[in-house]
Amino acid sequence: MRIWKNRKQRNKFRWGSSMLVTGVMIILIVAVSFAVINYINQKEEEKSFDRLYEEADGLADTIEMYAKSDEETLKTLATVVATYDDMHSEKLWKLLDSCSDVGMITKIELLLPDNTVLGKGGERLETEEEVSFEEEAKKGSYITDRETDTEDSEKYIVRQCVPVYRDSQVVAILRGVADISNLAEKMNLHPYGGKAALYIIDGDSGDFLMDTWHSGKDRNIRNLKGRDPASGYESDQVKQGILNGDSGYAVFTSKTIGGYLYFYYQPMEINEWRIALSVPESVVFEGSDGIRKVLNFFMLFEAICFIGYFLWMLRFVRKTTEDKQRQLETLNDMYDVERKLFNAHHKQQNITEALHKAGNIILAERVTLWAFVPSGGHISFYWEKEGISEENTEKSASVAKRDEEQYIHIMAQYFKQNHKELVLFSRSAVEKIFGENISPKIHSLMAVPLKDTDGKICGIMAGFNVKDKDAITLMKTMKFSFGMFCHNLSSFNAIRKQRDRDVLTGLFNRNRYEWDLPKLYAEYREALTCIYIDVNGLHEKNNTEGHEQGDIMLQTVAQEIVKQFRGEYIYRIGGDEFVVFKPGADMAEMEVLEEKLSAVLSEKDYHISVGIQCETDVVSMSELVKAAEKKMYIKKMRYYEQKAYDRRRTAITAE
């Protein structure tokens, strides 16, 4: 009786100690979480102004790039317009109207020497504005400030004007019209993922050319009432700084959202325009808010894990009484393993279920399968028993990467010495083979080599923390089925690689491109970039130097595309056409990569035309690719104009 009482007291002590340790751990986690959140808030505030500068500077560069691109497009069109004596020509206006949705441009107009303005289809526009062709011709190429639309006096626009020369005389003014009201959407200008407001202000007049926050039509910075600034800032100083063309920061209270706005402004290289951004405080600190939520969830997860641990202990007693019945079910489970492995090489869910069955058969906490691949390396599959401790869960059944490589290397060498099995049924035996640095949670390990039809080792099957030494017999019974799976998987992957790869370049081919489009749309529709690349001069090189040189050209281009853009989604979809998809929509980054790619290829006397389309909230993959392709053809036309390939240029213009 006294012994029983002593045992009961010891059990109570152990239980109390476990609860005390658990409570201390939870308190420590909570304290550390609050400290980390406070530290993150401070760092986020320090980074907020740097982020504002980077966002504003990037937006300014994007707008200036669009303006420059539009100017080049209009200059190219001006050379075409100059060849027409009849400015009302239907063919001419069919060309001009087809280019009316490029860059910032929403429509194209022609100003003639008699001060007549022609619009879509060459129709004469009735306008009350006083236009002087003579004065406009003196200005050359330029961008206007805010003006009213010729067709709708209630709409504000800006115009990109380019003179049309014929025999050194200006015969018309080509005007690309940009609708201010939808410029931000047209150029995909969404700072902070659309959570920040973007402003473009004319420093001369004070007029707002763009304001994505307010809906007022005639807003002018000189007429705006001062906002309540945060300590250390003055609203009038900000207003004057914008008009003077300075750069600066400010924090003030917004009446709209009832909280602080972080504000930054700087000049642009277009006329006297200024760009400015304002971001709500909640957006500035949303990174730390997210981390706070994650930490709170983590603490809840910790509590659930500890509760689950105690429940598992209670279940363990009951499960020991069911072992005999489970043994009777082993044969049926082994049959299920064989059946599921039959086609598991192309239905991966089956291998997970097969490992699950194997784990139940050998009474292991974890079962891992490493399938070797012909090119070196391995593919890992694993199953892990539910309810093990949280610390063990963090290491996971695929094991930490370092431990996994150690397991594979040691076991592979062991089985190459003609050993048929590996049985380590104590912690000391595990440390003797794998060293003392092996995970402390692993107290037993069993493994068998898997062989293919030629008798070569094609994989390893291992069980961790197996409860019965006799389980190795069951593992040896199953190793033929798992060996056939590894063999089939290797053959299946080899066939799939041949199906999906372009023989010449090694890139994904058209088949894989068509297959991946729905997947890309499903996973990255919120932000996706398409880069459409066409190799210039392939036809000419094939005709003059032979197809072997043309093949070398394509291989070189493919290699450089992979080096510069990297990533998973790179395809050769036609003879000289390549497509790259990059998750995200960072136009500035993509243009830098494009320039590097073009520069590297130019050194080898290879030239490409590249169209880049960055979109958020992708409507369709077809439209995304077509937009990138259209930009590519514009650049290709410019390239052949520079090279004076009249025949090629005519063909591209027709396309």
Side-chain angles (χ1 to χ4, degrees), residues 341-352 369-381 398 452-453 458-459 484-525 527-535 538 547-548 550-584 590 593 597 601 608 610-613 615 618 620-626 628-629 632:
L341 289 175
F342 179 76
N343 62 345
H345 53 280
H346 63 78
K347 190 176 181 182
Q348 187 168 330
Q349 181 182 356
N350 279 13
I351 182 61
T352 303
L369 171 66
W370 293 291
F372 300 147
V373 297
S375 58
H378 62 276
I379 303 174
S380 299
F381 304 93
S398 61
D452 60 16
T453 54
C458 59
M484 288 304 299
F485 161 75
C486 294
H487 174 76
N488 293 339
L489 180 65
S490 178
S491 301
F492 177 77
N493 287 338
I495 294 172
R496 185 172 62 179
K497 182 177 180 181
Q498 293 177 357
R499 181 195 67 190
D500 291 348
R501 293 287 178 178
D502 174 56
V503 177
L504 179 63
T505 64
L507 301 180
F508 286 136
N509 58 22
R510 182 84 188 197
N511 289 337
R512 182 60 180 268
Y513 166 82
E514 298 290 349
W515 178 269
D516 282 351
L517 287 179
K519 172 186 173 184
L520 286 162
Y521 182 74
E523 293 184 5
Y524 304 111
R525 71 175 67 179
L528 184 62
T529 297
C530 175
I531 303 98
Y532 202 110
I533 303 170
D534 187 278
V535 182
L538 176 64
H547 286 274
E548 182 178 356
D551 289 347
I552 294 174
M553 181 184 191
L554 291 173
Q555 290 171 336
T556 302
V557 171
Q559 292 168 3
E560 295 302 330
I561 291 174
V562 172
K563 288 181 182 178
Q564 296 301 329
F565 286 98
R566 302 183 181 277
E568 181 181 356
Y569 306 107
I570 304 177
Y571 311 84
R572 180 189 178 199
I573 64 170
D576 58 355
E577 294 176 296
F578 301 83
V579 171
V580 181
F581 292 105
K582 299 287 288 185
M590 294 300 104
L593 296 177
L597 174 63
L601 293 175
I608 58 175
V610 183
I612 302 176
Q613 181 69 11
E615 290 186 9
V618 177
S620 77
M621 294 299 295
S622 175
E623 293 301 320
L624 175 67
V625 174
K626 286 180 180 179
E629 183 181 17
M632 179 275 293

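All values below were derived from every heavy atom in this structure, side-chain atoms included, with hydrogens, water molecules and symmetry-related copies excluded.
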Fill in the blank from the handout: In this structure, CD1 of Ile533 is separated from CG of Leu601 (nearest 0.5 Å) by 9.0 Å

Handout entry: Student check: side-chain heavy atoms of Met590 and Ile531 closer than 4.5 Å
Key = yes

Practice task
Please confirm whether the backbone N or O of Phe565 pairs with a side-chain atom of Lys582, one donor and one acceptor, at under 3.5 Å?
Solution key: yes

Exercise for the section: For Arg525 and Tyr521, indicate whether the former's side chain and the latter's backbone hold a donor-acceptor pair under 3.5 Å. Expected result: yes

Fill in the blank from the handout: So CZ of Arg501 and CG of Asn509: to nearest 0.5 Å the spacing works out to 9.0 Å

Exercise for the section: Test Tyr571 against every option in Asn511, Asp516, Asp500 by the side chain to side chain donor-acceptor pair (under 3.5 Å) rule and name the one that passes. Expected result: Asp516

Practice task
Measure the CG-CG distance between Asp534 and Asp576 for me, rounded to the nearest 0.5 Å.
Solution key: 4.5 Å

Fill in the blank from the handout: Taken to the nearest 0.5 Å, the spacing of Glu623 CD from Gln613 CD works out to 10.0 Å

Practice task
State, with a plain yes or no, whether a side-chain heavy atom of Cys458 is found less than 4.5 Å away from one of Phe372.
Solution key: no

Exercise for the section: For Arg510, check side chain to side chain contact (heavy atoms under 4.5 Å, CB included) against everything at least two apart and list the hits. Expected result: Tyr513, Glu514, Ile573

Completion exercise
Applied to residues 550-570, the side chain to side chain donor-acceptor pair (under 3.5 Å) test, sequence neighbours excluded, yields Glu560-Lys604

Exercise for the section: Would you check, one step at a time, whether the test side chain to side chain contact (heavy atoms under 4.5 Å, CB included) holds for Thr529 with Phe581? Expected result: CA-CA 6 Å; Thr529 297; Phe581 292 105; over 6 Å; no

Handout entry: Full working for side chain to side chain contact (heavy atoms under 4.5 Å, CB included) between Cys530 and Val579
Key = CA-CA 7 Å; Cys530 175; Val579 171; 4.0 Å; yes

Exercise for the section: Could you grab the distance from atom CD1 of Ile612 to atom CG of Leu593, nearest 0.5 Å is fine? Expected result: 8.0 Å

Problem - Intermediate values then yes/no, side chain to side chain contact (heavy atoms under 4.5 Å, CB included), Met621 and Leu528 - result: CA-CA 9 Å; Met621 294 299 295; Leu528 184 62; 3.7 Å; yes

Handout entry: Any Leu554 side-chain heavy atom under 4.5 Å of Phe578 side chain
Key = yes

Exercise for the section: Flag this pair as yes if the NZ/CZ of Arg572 is under 6.0 angstrom from the six-membered ring centre of Phe508 and inside a 45 degree cone about the axis; otherwise no. Expected result: no

